[in-house]
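One-based numbering, in listed order, for ligands and for the atoms of each. Just so it is clear, the values below take in all heavy atoms, side chains as well, and ignore hydrogens, waters and symmetry mates.
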Amino acid sequence: MERLAPLYAQHIHTLRQRTDRLLVQHQCPGLVIDSGQALPIFLDDLDYPFKVNPHFKHWVPLVDTPHCFLIVKPGEKPTLLFYRPVDFWHKVPPVPNAFWTEQVELVVYERLEQLAELIPAGYSYIGAHPERAAALSVGETNPKGLIDALHFGRSIKSDYEIACLREANRLATLGHVAAKQAFLAGESEFAIQQAYLSASLHGENDVPYGNIVALNEHAAILHYTQLGRRAPAQSRSFLIDAGAGFHGYAADITRTYAFEPNGGFAELVAAMDQQQQAIKAQIRPGIRYTELHLQMHQRVAELLLQFRLAQGSVEALIASGITQAFFPHGLGHPIGLQVHDVAGFMDDESGTHVAPPAGVTLRCTRMLEAGMVLTIEPGLYVIDSLLKALPASAQAMLLPEQIDWLRPYGGIRIEDGVVVLAEGIDDLTRCQRWDD
Ligand code: GLY
Ligand code: MN
Ligand code: MN
């Protein structure tokens, strides 16, 4: 994607300016950002899949190369120490030559022992391996004040980052379309997952989080990551929460489908879809994410009343904890280099924490600003353990017959990723082609 070159150049320019300012402010001579290394499996000679340090991939789109270091010094082009060992067991990565390489000083090194000479003394180390930092003569490791400020800065995405997030959504959409077809063909969860991975061009270790591929009652298990090898006798419903990555940026998309296009469950899915779109229409700079979440509880209460799952007033369904039992997770979260991106609770660069109101489950309490990227993912599930735990007065408001009807379908979640604009949103998920 050659068109990324100017966007990336601008991204690095902004990142360098921000980092230079923060280095001065935090009296830090420079940064050594470690790409990381694969973690060994206990008592084994195998490693867990390598996951790159998000701070590293913020600067360079290298997601599968351990032992690389980015050295950032104020006023200078960043230096990339690129590890290229002599190794006949593994594939040795080629020396990078891409749209981004002009923006860094590339130093290829062969042996880890060279690091002692290559890494400047006294710079702060940012990475997951403090033992490695200790062996080098670096300064502080992951200084909290600086990390908080860097995290806060990640909240507003550059145009390059939004292009990467849009492409991640495109790849994920290819998988979602294939998965829906596999569901309608009556395939097992395992077969649907294979269809997803193949169409989205991802391996199981490349997706940004473990896909949730849930048929029927399994849709009510929020983090269902088992995969049934056998197709159920009857497929009624399908919830798929599956993402994709592009240059280290994540998509996180959920869709729910009814097998029967004209039944009550299809109507409930359509009604939730409308509510999800309606809450997205509320997004604008200057509104707190918490407010959107609380509004969503009202909408869930309306759905419960409309579909005769509970009775009473919207206010009573919320106050009694009934909406929380049907919708027990947050409305969504920031997304970017990480699926649950950093700084969801920060009010400023110094890391001031804004907690959710008591009893509210949320990963984000931010005041929204243009350039933030968030997910919007309301849900409604039959989770018996939560319904049973409701006080008797709340249980009296439930309508068991209709809950019994819904239970075999599990539940619904609909999730899109959106960019906050000065006015309205750029919907990274719905702007894709969903109709193939
Ligand atoms: N897939 C994880 C989430 O939706 O937050
Ligand atoms: Mn999500
Ligand atoms: Mn998700």
_With Tyr123 via ring pair (Phe, Tyr, Trp, His ring centres under 6.0 Å) - residues at least two apart_ = none
*Within a strict 4.5 Å, meaning less than it, do heavy atoms of the Pro61 and Tyr8 side chains meet?*
yes
*asked:* Within a 6.0 Å radius of atom CZ on Arg363, are there more than 12 heavy atoms belonging to other residues, nucleotides or ligands?
replied: no
*Numbering as shown, the atoms of ligand 1 that approach Glu415 to under 4.0 Å (heavy-atom distance)*: 4 (O)
*Honestly, is Arg308 close enough over Trp405, meaning NZ or CZ under 6.0 Å from the six-membered ring centre and within 45° of the axis?*
no
*Any chance you could lay out the side chain to side chain contact (heavy atoms under 4.5 Å, CB included) test for Phe265 and Leu406, step after step, and finish with the verdict?*
CA-CA 8 Å; Phe265 187 66; Leu406 182 57; 3.8 Å; yes
_Distance under 4.0 Å to a non-hydrogen atom of His340: what atoms of ligand 1 satisfy this?_
2 (C), 3 (C), 5 (O)
_Atom indices of ligand 1 within 4.0 angstrom of Glu377 heavy atoms, with elements_ = 3 (C), 4 (O), 5 (O)
*Proximity flag Val339 to ligand 1, non-hydrogen atoms under 4.0 Å*: no
*asked:* Please report, to 10°, the angle around the Mn ion (ligand 2) from atom NE2 (His333) across to atom OE2 (Glu415).
replied: 120°
*How far is atom 3 (C) of ligand 1 from its nearest protein heavy atom, and which residue and atom is that?*
Asp252 OD2, 3.2 Å
*asked:* If you take the centroid of each ring, where Trp contributes its six-membered ring, are Tyr381 and His329 closer together than 6.0 Å?
replied: yes
*With the Mn ion (ligand 2) at the apex, how many degrees lie between OE2 of Glu377 and OD2 of Asp252, rounded to 10 degrees?*
160°
